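Throughout, a chain's letter reflects where its sequence line sits, starting with A, and its residues are numbered from 1. What you are looking at is a predicted structure, and each value in this text was computed from that prediction instead of being measured.
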There are 2 protein chains.
Amino acid sequence: MNIGDVAERSGVPAKTIRYYEDIGLVKPTRGRNGYREFEERELHRLAFIGRARSLGFTIEDCRDLLALYDDESRASAEVKRVAEQNLQEIDAKISGLKAMRDTLRYLVEQCSGDHRPDCPILKSLSNGPAHNL
Amino acid sequence: MNIGDVAERSGVPAKTIRYYEDIGLVKPTRGRNGYREFEERELHRLAFIGRARSLGFTIEDCRDLLALYDDESRASAEVKRVAEQNLQEIDAKISGLKAMRDTLRYLVEQCSGDHRPDCPILKSLSNGPAHNL
DNA sequence: CTTGACCTTCCAGTCACTGGAAGCTCCATT
DNA sequence: AATGGAGCTTCCAGTGACTGGAAGGTCAAG
């Protein structure tokens, strides 16, 4: 399989696959023409990485997960630990974003949004921290 | 005022202030010794940028907002537009993160987390897209 | 034999900083 | 007056995870 096919079937862009090879996440063989050759196993790994990334795992997490995946004798506790840590980080991000959103929404609601120059959004940014609103 | 004082009073690290000067967000004057000299106005702008950044505005947003801020004849509608767009982006991010979190939480709950190699998290990453769970 | 799609490498850019090295300046203490 | 340390300067490089583009080799169809 060439990189284009793998890209299409795994949903990971060709450019990104080359990058993943650079950083050692996948190791396709090479044909006589210099083209990368992918087996099912590599396709599988790429799809795995794609799904893990879409769940918010970092590249390093992926590396760990793939190593665990390759390790027949791994303990599921180890995998769970990685996932749980990720879960906490996601929760923290959501909380932060929610706080931002609430502040912004309040400001947007306050703003008349017309042709007049008077704007509570700028006023707030100018006068004090968001949490004072 | 030297950069250290401004950093402390604005809450923006000195390193970051230099970066902001590089990209033209602030324009401190220079003393005979080559040190940057900050007036109240610059301090004010830096605090403004810091608050806007903490609300999730990008640097380019900040540039726009500062221009609007400087423009006595701006319409608040313009400011509101920038803020509303930001609000939508934040909402989208929150939704995405929530979906990720729900999937992950389910997986973590399913995982026994013990010494056995059988792990539903890896199984799921391996077998199909997260939204199929 | 040509065209065009697909592949290769390499370099640079993204975003918003952050770290570090080398060297200058200022102020207080000895 | 010398010294020491904090604070300032510039410049270079790295972060994460790609992404874009140029220059050039390869392959399959017509």
Practice problem: Mind calculating the distance between CZ (A/Arg53) and P (D/dT19) to the nearest angstrom? | Solution: 10 Å
Quiz item: D/dT26 C1' sits how many Å from A/Arg32 CZ, rounded?
Solution: 15 Å
Quiz item: For DNA chain C, whose closest nucleotide is more 5', that of B/Glu60 or that of B/Lys15?
Solution: B/Glu60
Quiz item: Over how many whole Å does the gap from A/Ile23 atom CD1 to D/dT15 atom P extend?
Solution: 12 Å
Self-check item: Comparing B/Thr58 and A/Gly4 on DNA chain C - which has the more 5′ nearest nucleotide
Solution: A/Gly4
Quiz item: What's the verdict on salt bridge (Lys or Arg N to Asp or Glu O under 4.0 Å) for A/Glu40 and A/Arg9, showing C-alpha distance, side-chain angles and the deciding distance?
Solution: CA-CA 10 Å; A/Glu40 286 295 325; A/Arg9 290 181 56 190; 3.5 Å; yes
Quiz item: How long is the line joining CD of B/Glu21 and C1' of D/dC11, in whole Å?
Solution: 14 Å
Self-check item: Phosphate contact (D/dA17 OP1 or OP2) by A/Thr16 side-chain N/O below 4.0 Å
Solution: no
Exercise. Output yes when at least one side-chain N/O atom of A/Asn33 is less than 4.0 Å from OP1 or OP2 of C/dC7, else no.
Key: no
Quiz item: Between B/Ile3 (CD1) and D/dT10 (C1'), how many Å, whole number?
Solution: 12 Å
Quiz item: Hey, does the side chain of B/Tyr35 come within less than 4.0 Å of C/dC24's phosphate (OP1/OP2), counting only N and O?
Solution: no
Quiz item: Between D/dG16 and A/Tyr19, is there an OP1 or OP2 to side-chain N/O distance shorter than 4.0 Å?
Solution: no
Quiz item: Do A/Phe48 and A/Leu65 have side chains that get closer than 4.5 Å, going by heavy atoms?
Solution: yes
Practice problem: Could you check which of C/dA16, C/dT8, D/dT19 has an atom nearest any side-chain atom of A/Pro13? | Solution: D/dT19
Quiz item: Does the side chain of B/Ile49 reach to within under 4.5 Å of the side chain of B/Val12, using non-hydrogen atoms?
Solution: no
Exercise. Round to the nearest Å and state the distance from B/Ile17 atom CD1 to C/dT18 atom P.
Key: 12 Å
Quiz item: To the nearest angstrom, how far is B/Phe38 atom CZ from D/dG7 atom P?
Solution: 16 Å
Quiz item: Between atom CD in A/Glu37 and atom C1' in C/dT8, what is the gap in whole Å?
Solution: 14 Å
Quiz item: Side chains of A/Arg30 and A/Arg36: does their closest heavy-atom pair fall under 4.5 Å?
Solution: yes
Quiz prompt | Short side-chain N/O contact to C/dT8 OP1/OP2 from A/Arg36, under 4.0 Å | solution = yes
Quiz item: Any side-chain N or O of A/Arg30 under 4.0 Å from OP1/OP2 of C/dT9?
Solution: yes
Quiz item: Nearest to the side chain of B/Arg18 - C/dT8, D/dT9, C/dA16?
Solution: D/dT9
Exercise. Just do the salt bridge (Lys or Arg N to Asp or Glu O under 4.0 Å) check on B/Arg81 and B/Glu84 with the steps written out, would you?
Key: CA-CA 5 Å; B/Arg81 199 187 53 76; B/Glu84 270 175 340; over 6 Å; no
